[in-house]
Amino acid sequence: LRETENGKAKNPKPDPLLEGALVESILNDTPYPAILYSETLQRIRAESGTITRGRAAIIKAYILKNAIGSSSKSDEYRKVCIMALQEDSTFMPYNLGRLFALYEETQEEAQRAVRGGSAPGKGLRTIKDSYLVSASIRPSAIFPRILALNIQHSRILRRENVGIAINIEKKIGQVLKAIDLEHFPKLLNSYEQGAFYLGYYEQRQDRFKKHAADDEAEVSDDNRGEEN
């Protein structure tokens, strides 16, 4: 329930109606209350697209409990709610979220390269800050804009670090196989917005996991070198 709270409030508390309705749904094994999902999406929007592990878990649990069986896209929803990146998913909302994450990665790596390898400053805005929430609702209005921005960011990154640029471009190419660039959806419903956020979240997490694995391998190599 903390994931639905306004963290900036003096005394953040969950909605009392939500707490009671959620307990009742768990005890009676009934669909989760709609307010749980709507409040979670609202917090994500209010915090410029901040998707925590807890919020991603709520989205997955809610969709699995409430959408599966009641939607014609049950199979697609079931697959994207698995706790891992689904690279072979053909579900448009999910892949749009993945694509957004890769566009953001391009921008961040371009900023990092320009700064000589140091992390982008906290004061620098990214496409996430400006466009993530609106892209999750109205893809057709937003993606052409960030596609144009990505071309600029990719050019900068290719100039500074062509290896990283090519690696990200390959990942973008794989995602684009499941997206029709000529026909972005005009509007995503609430379930589709959840799938979008899951695609974004899992793509970002996959990136960080690989960075962590690379760092561990580098430390291991250094330790072996010292032993020799």
Side-chain angles (χ1 to χ4, degrees), residues 1-9 11-15 18-19 21-23 25-26 31-68 76-89 91 93-109 112 119-120 122 125-137 168 171 175 188-216:
L1 292 178
R2 290 181 180 177
E3 297 294 351
T4 66
E5 297 174 358
N6 180 358
K8 294 182 179 180
N11 297 301
K13 294 180 180 180
D15 188 316
L18 167 58
E19 189 171 5
L22 180 58
V23 171
S25 69
I26 293 173
Y32 294 131
I35 191 175
L36 172 65
Y37 190 66
S38 62
E39 288 288 332
T40 300
L41 293 186
Q42 181 58 37
R43 291 318 316 157
I44 291 173
R45 294 167 188 150
E47 296 176 17
S48 301
T50 299
I51 308 169
T52 62
R53 182 178 181 181
R55 289 171 183 168
I58 290 174
I59 292 173
K60 291 181 180 183
Y62 186 88
I63 290 177
L64 285 172
K65 186 78 170 180
N66 294 48
I68 303 302
E76 287 93 336
Y77 282 121
R78 185 179 290 107
K79 186 169 186 176
V80 301
C81 285
I82 296 174
M83 297 295 289
L85 178 64
Q86 300 303 301
E87 295 183 323
D88 61 344
S89 172
F91 194 30
Y94 183 81
N95 283 306
L96 287 175
R98 292 185 59 201
L99 182 61
F100 194 104
L102 291 170
Y103 283 168
E104 183 183 14
E105 182 179 354
T106 302
Q107 181 183 25
E108 289 176 340
E109 291 297 343
R112 186 188 303 275
K122 290 184 178 180
R125 289 179 63 82
T126 68
I127 60 171
K128 169 183 173 289
D129 302 310
S130 301
Y131 296 112
L132 180 62
V133 172
S134 52
S136 72
I137 300 173
I168 299 174
K171 291 187 288 186
V175 176
L188 297 183
N189 63 37
S190 62
Y191 285 145
E192 291 171 334
Q193 290 171 37
F196 178 101
Y197 286 136
L198 292 179
Y200 172 82
Y201 175 80
E202 293 295 359
Q203 187 67 54
R204 293 279 294 177
Q205 291 304 303
D206 184 72
R207 171 189 175 191
F208 298 142
K209 287 175 184 176
K210 289 178 179 177
H211 282 183
D214 290 342
D215 290 342
E216 288 181 8

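The first residue in the sequence is number 1, and the count goes up from there.
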Using 0.5 Å steps for rounding, measure from the [atom1] atom of [X] to the [atom2] atom of [Y].
{"X": "Phe100", "Y": "Phe196", "atom1": "CZ", "atom2": "CZ", "result": "6.0 Å"}
{"X": "Tyr197", "Y": "Ile58", "atom1": "OH", "atom2": "CD1", "result": "14.0 Å"}
{"X": "Ile51", "Y": "Leu41", "atom1": "CD1", "atom2": "CG", "result": "9.5 Å"}
{"X": "Leu85", "Y": "Leu198", "atom1": "CG", "atom2": "CG", "result": "11.0 Å"}
{"X": "Arg98", "Y": "Lys171", "atom1": "CZ", "atom2": "NZ", "result": "9.5 Å"}
{"X": "Gln193", "Y": "Arg45", "atom1": "CD", "atom2": "CZ", "result": "5.0 Å"}

Open item on the list: Assess the residue pair Arg204 and Glu108 against the criterion (salt bridge (Lys or Arg N to Asp or Glu O under 4.0 Å)); give the C-alpha distance rounded to whole Å, side-chain angles, the decisive distance to 0.1 Å, and a yes or no.
Closed with: CA-CA 12 Å; Arg204 293 279 294 177; Glu108 289 176 340; 3.0 Å; yes
Which pair of heavy atoms, one from [X] and one from [Y], lies closest together, and at what distance?
{"X": "Val175", "Y": "Asn95", "answer": "CG1-O, 3.5 Å"}
{"X": "Pro33", "Y": "Leu18", "answer": "CG-CD1, 4.1 Å"}
{"X": "Ser25", "Y": "Pro31", "answer": "CB-O, 3.4 Å"}
{"X": "Ser89", "Y": "Val80", "answer": "OG-CG1, 3.7 Å"}
{"X": "Gln86", "Y": "Tyr94", "answer": "N-OH, 2.9 Å"}
{"X": "Lys128", "Y": "Gly49", "answer": "CE-O, 3.5 Å"}

TODO: Could you tell me whether the side chain of Glu105 and the main chain of Ile168 form a donor-acceptor pair under 3.5 Å?
DONE: no
Task: Worked verdict on Tyr32 versus Ile26 for side-chain contact (heavy atoms from CB on, under 4.5 Å) - done: CA-CA 8 Å; Tyr32 294 131; Ile26 293 173; 4.2 Å; yes
TODO: Report yes if some heavy atom in the side chain of Glu192 is under 4.5 Å from a heavy atom in the side chain of Tyr77; otherwise report no.
DONE: yes
- [ ] May I ask you to decide if the ring planes of Tyr37 and Tyr191 are parallel, tilted or perpendicular, using 30° and 60° as cut-offs?
- [x]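 Taking Tyr191 first and then Tyr37, their aromatic rings sit tilted (interplane angle of 30° to 60°).
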